[in-house]
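All chains are named by letter (A, B, ...) in the order of the sequence lines, taking the proteins before the strands, and each is independently numbered beginning at 1. Atom set for the values below is all heavy atoms of this structure, side chains included, hydrogens, waters and symmetry mates excluded.
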2 protein chains.
Amino acid sequence: MSKEEAIIKLVPAFRQYGYEGATLSLLSQASGLGKASLYHYFPGGKSEMAAVVSEYVSDLFEKMVLKTLQGEGTPELKIQAMCSSMAEFYKDGKNACFLAIMSFGEADKLFHDRVKARLQELIQALAQVLTETGIKSEIAHKRSLDAIATVQGALILVRILDSTEPFERALESLPARLLN
Amino acid sequence: MSKEEAIIKLVPAFRQYGYEGATLSLLSQASGLGKASLYHYFPGGKSEMAAVVSEYVSDLFEKMVLKTLQGEGTPELKIQAMCSSMAEFYKDGKNACFLAIMSFGEADKLFHDRVKARLQELIQALAQVLTETGIKSEIAHKRSLDAIATVQGALILVRILDSTEPFERALESLPARLLN
DNA sequence: GACATTTTACCGAACAATCGGTACAGTATA
DNA sequence: TATACTGTACCGATTGTTCGGTAAAATGTC
């Protein structure tokens, strides 16, 4: 098994159980690798596994979601495209956000700076598109932050209420909220 | 030490470290009671501690926040009052939401139904006030859900970004978003 | 009021289980 | 033969929990 395969198999484990909840035996089971093998690929242990997996998911998010914001097209269409790719990325809200997961408990102590930086990147990328429409930089930043908060909150509500409705609704209202 | 005193001292421990992160030795230290003594007040162990503390915080939220929605006054004023009390309850966003904390990892398995029920109560209480303004029940429910998502998301952003700004902004926009 | 009894509050020490992590011998592959 | 990988056994530390017991307060009995 390649390292990337291992990473891919570890993603849902961390996503479902969180950093502290994902025990080594669980990660071993999820990946199909023995503990010794896990330490071969990730000499830094559990924290390195989480770091690498987080990075992998962040890159995936960049490729799947942020990419839609760059390139040609009207801001309206780009934001529409971003919402679609977000629905796919988060599986209609059933997938928790990795950044949020890693902002709790012990994981927060380990990865706080990295998570913060990644989120700021995201905020800025979104704000960038808004300024293209002529919206003032300050307001663009405000709306971008508000939009991300709405999505994050919706992801929590989905998990608690056992319904993807809040997430779908959040995505629906997102373009208007950002552009108007 | 009375049981209520113990509960009060356990609140910040669970809030800061989460369910899984709040170890018995940590809870013992936070409460000032020996581990064995904790089992005197909470024979059900850690899960009972978390359950009782959650219930305590929920009741506090009801007294501090939901209370402002009932009684006399225009819906506008009541919602304004709710925002103020929310700012106090969540300490400008520095306090994480207990429901959200208990919706992660192992805690979710233990308390899912209770958390879900409490959140639904909250959504309905808020929607109820909106219907008083003549807003249709369905739309009121929608907006209530959206508002709570915004607040929840803002609480996450505050923790990641080390700034209370997202929360303050979310509260500012809340009345307009609910009523207009 | 004086004494006996029970209840309450609390703690030190130990429990089995599991945690994250390591050592090492062995197997596969080149 | 050299390197990459893996299964097994093991480690010290910590987890949540329980046991046996103490000191004091409350309660009952006379």
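One interatomic measurement links the two molecules: NZ of A/Lys46 to C1' of C/dT22, which rounds to 17 Å at whole-angstrom precision. A straight line from CD of A/Glu5 to C1' of D/dA4 spans 16 Å, rounded to a whole angstrom. A straight line from CD of A/Glu48 to P of C/dG20 spans 15 Å, rounded to a whole angstrom. Between the OH atom of B/Tyr41 and the P atom of D/dG16 there is a distance of 21 Å, rounded to whole Å. Look at CG on B/Leu24: it is 15 Å from C1' on C/dC19, rounded to the nearest Å. Rounding to whole angstrom units, CG of residue B/Leu110 and P of D/dG16 are separated by 13 Å. The OH atom of B/Tyr19 sits 12 Å away from the C1' atom of D/dT15 (whole-angstrom rounding).
Annotation: the span from B/Gln29 atom CD to B/Thr23 atom OG1 amounts to 8.5 Å, rounded to 0.5 Å. Annotation: the span from B/Gln120 atom CD to B/Leu145 atom CG amounts to 9.5 Å, rounded to 0.5 Å.
Annotation: B/Glu48, atom CD; neighbour count of heavy atoms from other residues, nucleotides and ligands within 6.0 Å is above 12. Summarising the local packing, NZ of A/Lys142 is surrounded by 12 or fewer heavy atoms from other residues, nucleotides or ligands at distances under 6.0 Å.
Within residues 100-108 of chain B, no residue is approached by DNA chain D to less than 4.0 Å at the level of any non-hydrogen atom. A heavy-atom distance below 4.0 Å to DNA chain D is reached by these residues of residues 26-40 of chain B, ordered by number: B/Lys35, B/Ala36, B/Tyr39.
Pairs engaging residues 74-101 of chain A under the side chain to side chain donor-acceptor pair (under 3.5 Å) rule: A/Lys78-A/Glu132 [sequence neighbours left out]. Screening residues 45-75 of chain B for ring-ring contact (aromatic ring centres under 6.0 Å, His included) gives B/Phe61-B/Phe89 as the qualifying pairs, with residues at least two apart or on separate chains.
Across all their heavy atoms, A/Ala87 and A/Phe167 have their closest contact at CA-CE2, 4.0 Å. The two residues B/Ile135 and B/Ala140 have their closest heavy-atom pair at CG2-N, 3.7 Å. When all heavy atoms are compared, the tightest approach of A/Ser31 to A/Lys9 is O-CD, 3.6 Å.
Residue contacts shown for A/Ala22 are limited to sugar-phosphate atoms, with no base heavy atom under 4.0 Å away.
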Check your understanding: Which is it for A/Phe104 and B/Arg159 under the side-chain contact (heavy atoms from CB on, under 4.5 Å) test, yes or no, and what are the steps along the way?
Key -> CA-CA 9 Å; A/Phe104 278 98; B/Arg159 211 179 40 254; 3.2 Å; yes
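Grouping Ile, Leu, Val, Met, Phe, Trp and Tyr residues whose side-chain heavy atoms lie under 4.5 Å apart, directly or via other members, leaves B/Leu77 alone, with no other cluster members.
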Mind listing the N/O atom pairs, protein and nucleotides 23-27 of chain D, below 3.5 Å?
none

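Side-chain N/O atoms of B/Ser25 include one lying less than 4.0 angstrom from OP1 or OP2 on D/dT15.
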